[in-house]
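Just below is one structure, and these are the notes that go with it.
The first residue in the sequence is number 1, and the count goes up from there.
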Amino acid sequence: MIKIEKATINDAYDYAKILNQSWKDTYHEYISIDHINNEFNIENLVKAFPTIINSKNELCMIKYKGKNIGILQIGIPEDVYKSDMQDYGEILSLHIKKEYCGRGFGTLAIDFATNRLKQLGFKHLCVWVKKQNYKAINFYKSKGFVETNYSCEETIDGAPSFVMEKNNI
């Protein structure tokens, strides 16, 4: 059985491991492993976890048969890319362990995020996606997201990103 639940302090290590490994699995071809290990250092993520779960955004753990298999973070957009974003909620992070991808867990996470952000009063969704992450781009398109012209070419990790939006949730 799958559950998506608000993260607790006990989820710190699983969160850090999932985030670190997901970045390695997804981006290793165009972001160095050294950069990923530095940016998503497991010890540092565990130490920062109390701040992360107590932020204005919501961090949830995706659980299958009682095990943490993914993370979902939603809330207020971190990057304001246009003048009126009052009605926009953002999927800040969605990572699922590689061995659980392609089994419908991402779809359930998107449905959960959409419903939760709608409950919070948001009317539109946005998500930043790496331009080279074709799997994610196609996934979000299949869920009703469309590509926008908002992009960031110069990034710390050297991998350009752009925004996808889903309107009228």
Side-chain angles (χ1 to χ4, degrees), residues 4 7 11-49 51-52 55 57-62 64 67-82 85 88-114 117 124-167:
I4 300 177
D11 295 316
Y13 185 73
D14 284 350
Y15 163 81
K17 286 284 289 179
I18 290 168
L19 191 58
N20 178 281
Q21 190 61 51
S22 179
W23 270 76
K24 288 176 184 174
D25 291 341
T26 305
Y27 304 118
H28 70 276
E29 291 179 15
Y30 46 91
I31 300 174
S32 77
I33 296 297
D34 287 341
H35 177 81
I36 293 170
N37 281 333
N38 185 48
E39 186 73 21
F40 300 101
N41 177 279
I42 293 172
E43 288 179 23
N44 291 343
L45 288 170
V46 169
K47 287 177 191 172
F49 196 71
T51 303
I52 295 166
S55 76
N57 297 311
E58 294 184 14
L59 177 63
C60 299
M61 300 304 294
I62 303 167
Y64 180 63
K67 289 177 51 179
N68 288 324
I69 63 156
I71 58 174
L72 171 67
Q73 188 174 21
I74 57 175
I76 299 167
E78 291 181 344
D79 297 306
V80 177
Y81 56 89
K82 58 185 178 181
M85 294 193 61
Y88 280 79
E90 182 175 357
I91 297 172
L92 300 157
S93 187
L94 173 56
H95 296 274
I96 297 173
K97 288 183 175 182
K98 186 178 183 176
E99 61 267 28
Y100 293 96
C101 289
R103 296 172 56 183
F105 299 118
T107 297
L108 291 171
I110 292 293
D111 292 345
F112 178 90
T114 301
L117 289 166
H124 313 286
L125 276 163
C126 65
V127 61
W128 283 88
V129 182
K130 301 283 183 202
K131 287 185 176 182
Q132 300 97 325
N133 192 350
Y134 304 113
K135 185 176 176 183
I137 293 166
N138 290 329
F139 170 74
Y140 285 114
K141 281 182 179 178
S142 76
K143 305 304 170 212
F145 286 78
V146 296
E147 294 181 35
T148 70
N149 293 325
Y150 304 106
S151 66
C152 181
E153 298 297 323
E154 295 180 24
T155 62
I156 293 171
D157 55 27
S161 301
F162 71 98
V163 176
M164 296 183 78
E165 293 181 349
K166 183 176 183 179
N167 293 307

Criterion ring-ring contact (aromatic ring centres under 6.0 Å, His included) against F40, the qualifying member of Y15, W23, Y27: W23
Shortest non-hydrogen contact from [X] to [Y]?
X    : Y   : answer
Q73  : S55 : NE2-OG, 4.3 Å
C126 : Y88 : CB-CD2, 4.3 Å
L72  : I62 : CB-CD1, 4.4 Å

[Y] side chain reached by [X] side chain, heavy atoms, under 4.5 Å:
X    : Y    : value
V127 : V129 : yes
I4   : M61  : no
K17  : I42  : yes
N57  : L59  : no
Y150 : F162 : no

Tabulate below the donor-acceptor pairs under 3.5 Å that side-chain atoms of residues 136-143 make, not counting sequence neighbours, or state none.
from	atom 1	to	atom 2	distance (Å)
N138	ND2	Y134	O	3.2
K141	NZ	E147	OE2	2.9
S142	OG	F139	O	2.6
K143	NZ	T107	OG1	2.9

Do E165 and Y81 get their side chains close enough for a donor-acceptor pair, meaning under 3.5 Å? yes
Under the side chain to side chain contact (heavy atoms under 4.5 Å, CB included) rule, what do K24 and I33 come out as? Steps first, then yes or no, please. CA-CA 7 Å; K24 288 176 184 174; I33 296 297; 3.9 Å; yes
Could you tabulate the donor-acceptor pairs under 3.5 Å formed by side-chain atoms of residues 90-101, not counting sequence neighbours?
from	atom 1	to	atom 2	distance (Å)
E90	OE1	E78	N	3.0
S93	OG	H95	NE2	3.4
H95	ND1	S22	OG	2.7

